[in-house]
Number of protein chains: 2
Amino acid sequence: MGRKRLQESADGRPTVHTVAARAGVSIASASRVLNGVGGSPETVRKVREAAAEVGYVPNAIARSLQSQRTGLIALAVEDIGNPVYVEMMRAIEEVVAASGRQLLVHATGGQIANETALLRRLAHRYVDGMIVSPIRVTDDHLAALVDSPVPVVVIGQLGADAPVDNVRTDSRTGVCLAVDHLVAAGRRRIGFVNGPLDTVPGAARDAGFRAALAAHGIEVDERLVEVGDFQYAAGRAATERLLARARPDALVCANDLIAVGALHALLAAGHRVPSDVALVGMDDTELARMMFPQLSSVSLGSAERGRRAAELLLQRIADPTLPPRREQVPPSLAVRASSAAVPDVSPLFVPAPAAPPTPEVTA
Amino acid sequence: MGRKRLQESADGRPTVHTVAARAGVSIASASRVLNGVGGSPETVRKVREAAAEVGYVPNAIARSLQSQRTGLIALAVEDIGNPVYVEMMRAIEEVVAASGRQLLVHATGGQIANETALLRRLAHRYVDGMIVSPIRVTDDHLAALVDSPVPVVVIGQLGADAPVDNVRTDSRTGVCLAVDHLVAAGRRRIGFVNGPLDTVPGAARDAGFRAALAAHGIEVDERLVEVGDFQYAAGRAATERLLARARPDALVCANDLIAVGALHALLAAGHRVPSDVALVGMDDTELARMMFPQLSSVSLGSAERGRRAAELLLQRIADPTLPPRREQVPPSLAVRASSAAVPDVSPLFVPAPAAPPTPEVTA
DNA sequence: CAAACTCCCGGAAACGTTTACAGCAATCAG
DNA sequence: CTGATTGCTGTAAACGTTTCCGGGAGTTTG
């Protein structure tokens, strides 16, 4: 009796009270020492000792309640398995970690409901700020973004006058870069494997593809356009459908996962890349360089966008009165073997011998 | 004056006090209604109305301080870009989300310091539990795990008697599966591209490789063994070094990223896969299926391990007195084209024409 | 030597919730 | 008609921290 068990927390772990009592000082002094502000040498020594003896570690939640900050930044992306988001994430991580905060990654699966639900959860103040890269945007989604209680930065296209910090690229122009490059290399039957048209990037890339062809006076052959989603399997399936009905001499893909699927489909169907069909992906992820042949790809500056978004967010957290800002990262094209001007990477694709040296298994 | 600005929070957002005052009830009643326990119909109506009018959303931090739970689960992995962790993460996320919690993902970069630092931060109670998949383990690391204030589950090998929940696989045996398969296919000059030997999986796989060869009475040719780290680029470089000094007829790789690097190196050096060199990766990630030819790979059940770890963690959170448990997920081998018994996937690798149909660019 | 200043300390009030407890009115059983 | 039960309600005490504020001791200045 007496100390009324104010000494330690419910689960028996030491609190600042424990430390203070043990050091024979007030909790105020203990807290000050623990935070490194003030305290006489003697007090500092006693508190430090007491803290070490009981193994005190401050409760971050209580601290957050007091300081109104959690030190957490959330990142919501559609698909955590897409390497483009991995690169974005790494860039964001770097900036966020440098500011002494932690990154909380959340995959939305592209479901818009998920994302608004997430925003609502954030309204609960578990994070100091959020970066979100939505692929679909509706009005109430936008509304949720605008009056979010915590700062939000959006990576991706957003309505022109949305009062939200925004880092975007121009994937429409990005597709044009790819088409220009292919046309310059003499390709004419250029196909396009896109993601869903009801997504923001899907729509922009479709528009870019058509505009680019038009600019070169090439009419769009709808049999050369196919849609799946932004995944590998869908890209492969879409390419197979496309190849079943048309004969492109080049393929632009709406992202690298699709491009890898397309490469697989092309090779499996006996087409050579790039001599029969040139291939250009988009996002310029590590995956493009991992393929054989390495894939040309339109860089949309994902790491750069991530970095800038993180910086914007940190600035807004520091000063919430800032006017909404918008930054743009230009696309660029990385030309690699899959669309190289030279007809083929022939020495690498060694032909199988006409007669296999080992007995055939079937037949 | 009078209400002493107790009505709203520091930044002007409504609190339960705001709602209570507006509804003309006590904060206790307001809180009860908001949590859906008790309250007369009339009170419920008034509180609901007031809450809606002011746009009240509860402060999760304050709630956590009270309830001692945050609803957050942390996952610490080495490299968020490695598809094996993506799969693990997806499985964990599923279980975690089903329990109404959120997953916080943290990349450690394999730095042991990072990981202990993370554990220390966790000691600060921001998360209700943690899943960690360390590739290096030291004693004080282990100590930090053992007396972590929040429940921890480790995915990976751990000292036999470590009193920590643990989900493991047997990658040693996994390598044996790969070697057995290759030997059965008639390969004898089997190479091994491993990750760092000072990591737990690196060491286990090295041991497995040597044991497997010994079991088949094959002597280890050290020129056929190379080490990099668990990344694509390192795998490629290591394979190039290996190929520069030896001529394997099969290659076992310590994970799929390395295997992809090896495939790239092999093809670039003019070797056919699998007819010249058979290739087997490890982890059986989506990446293995994305390659051409598709890679054989030893599955270590990453998704399954993730799922089980998450379940173990949730059970421990529910009942912290549970004795430490250990689960094991057996490896299995997925045989695909890269090590198929048939000599080659020849029709797919169409030879480039002897004389290119288009003029050569250089010379 | 008095006044002003500097340090350091402890008490207590936040931060925004949930919840144990007690009071009170209304209903019910006897 | 009284006593017990029920159902709501409000007061207040937590949760573990940080921090404002006033007071006391010691030091400098005029």
Side-chain angles (χ1 to χ4, degrees), chain A residues 3-47 51 54-71 123-126 128 149, chain B residues 3-47 51 54-71 123-126 128 149:
Chain A
R3 63 191 61 181
K4 275 187 73 189
R5 82 160 201 63
L6 246 177
Q7 298 302 67
E8 48 182 37
S9 76
D11 54 358
R13 295 188 54 81
T15 73
V16 72
H17 290 92
T18 324
V19 176
R22 189 169 187 114
V25 302
S26 72
I27 58 163
S29 292
S31 173
R32 275 188 290 256
V33 169
L34 262 8
N35 286 12
V37 336
S40 71
E42 174 64 4
T43 308
V44 169
R45 187 191 56 76
K46 285 190 298 187
V47 171
V54 300
Y56 170 75
V57 6
N59 180 319
I61 297 174
R63 191 199 301 252
S64 290
L65 180 59
Q66 169 71 25
S67 66
Q68 303 286 11
R69 298 181 307 101
T70 63
H124 295 211
R125 315 307 220 51
Y126 245 134
D128 292 345
Chain B
R3 61 192 60 179
K4 274 187 73 190
R5 83 160 201 62
L6 247 176
Q7 298 301 67
E8 48 184 37
S9 77
D11 54 357
R13 294 189 54 81
T15 72
V16 72
H17 290 91
T18 325
V19 175
R22 188 169 185 115
V25 302
S26 73
I27 58 162
S29 292
S31 174
R32 276 188 289 256
V33 170
L34 263 7
N35 285 13
V37 335
S40 72
E42 173 64 3
T43 308
V44 169
R45 188 190 56 75
K46 287 190 296 186
V47 171
V54 300
Y56 170 75
V57 4
N59 182 318
I61 298 174
R63 190 197 302 251
S64 290
L65 179 57
Q66 168 70 25
S67 66
Q68 302 285 15
R69 301 185 303 104
T70 64
H124 295 210
R125 314 306 218 52
Y126 245 134
D128 292 345

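The shown structure was predicted, so the numbers you read here are calculated from the model rather than taken from an experiment. Quick note on labels: first sequence line is chain A, next is B, and so on, each numbered from 1.
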Between [X] ([atom1]) and [N] ([atom2]), how many Å, whole number?
| X | N | atom1 | atom2 | answer |
| --- | --- | --- | --- | --- |
| Asn35(B) | dT17(C) | CG | P | 10 Å |
| Leu34(B) | dG16(C) | CG | C1' | 12 Å |
| Glu42(B) | dG10(D) | CD | P | 12 Å |
| Gln66(B) | dG16(C) | CD | P | 15 Å |
| Asn59(B) | dC15(C) | CG | P | 12 Å |
| Ile61(B) | dA14(C) | CD1 | C1' | 15 Å |
| Arg45(A) | dC8(C) | CZ | P | 16 Å |

Spatial distance of atom OH (Tyr56(B)) from atom CZ (Arg22(B)) [nearest 0.5 Å]: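 Reported value, rounded in 0.5 Å steps: 15.0 Å.
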By side chain to side chain contact (heavy atoms under 4.5 Å, CB included) - contacts of Thr70(A) (at least two apart):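 Side chain to side chain contact (heavy atoms under 4.5 Å, CB included) check on Thr70(A) returns Ser64(A), Leu72(A), Asp128(A), Ile61(B), Tyr126(B).
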Counterpart residues, side chain to side chain contact (heavy atoms under 4.5 Å, CB included), relative to Ser40(A) (two or more places apart):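 Scan of Ser40(A) (side chain to side chain contact (heavy atoms under 4.5 Å, CB included), adjacent residues dropped) gives Glu42(A), Thr43(A).
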Nearest heavy atoms of Gly55(A) and Arg13(A), plus distance in Å: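 Looking at all heavy atoms of both residues, the closest pair is O-NH2, 4.3 Å.
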Look for any protein N or O under 3.5 Å of an N or O in nucleotides 25-28 of chain D and output each such pair with its distance, or none.
none

Every protein N/O within reach of nucleotides 22-28 of chain C N/O, cut-off under 3.5 Å:
none

Distance test, side-chain N/O of Ser40(B) to OP1/OP2 of dT9(D), below 4.0 Å: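 Ser40(B) to dT9(D) OP1/OP2: side-chain N or O found under 4.0 Å.
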Distance below 4.0 Å between Gln68(A) side-chain N/O and dG16(C) OP1 or OP2: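 For dG16(C), OP1/OP2 do have a side-chain N/O of Gln68(A) under 4.0 Å.
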Contact list for DNA chain D against residues 25-32 of chain A - heavy-atom distance below 4.0 Å: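 Contacts with DNA chain D under 4.0 Å: Ile27(A), Ala28(A), Ser31(A), Arg32(A).
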Side chains of residues 24-34 of chain A: which donor-acceptor partners sit under 3.5 Å, not counting sequence neighbours?
unit_1: Ser26(A); atom_1: OG; unit_2: Ala28(A); atom_2: N; d: 3.4
unit_1: Ser26(A); atom_1: OG; unit_2: Ser29(A); atom_2: N; d: 3.2
unit_1: Ser26(A); atom_1: OG; unit_2: Ser29(A); atom_2: OG; d: 3.4

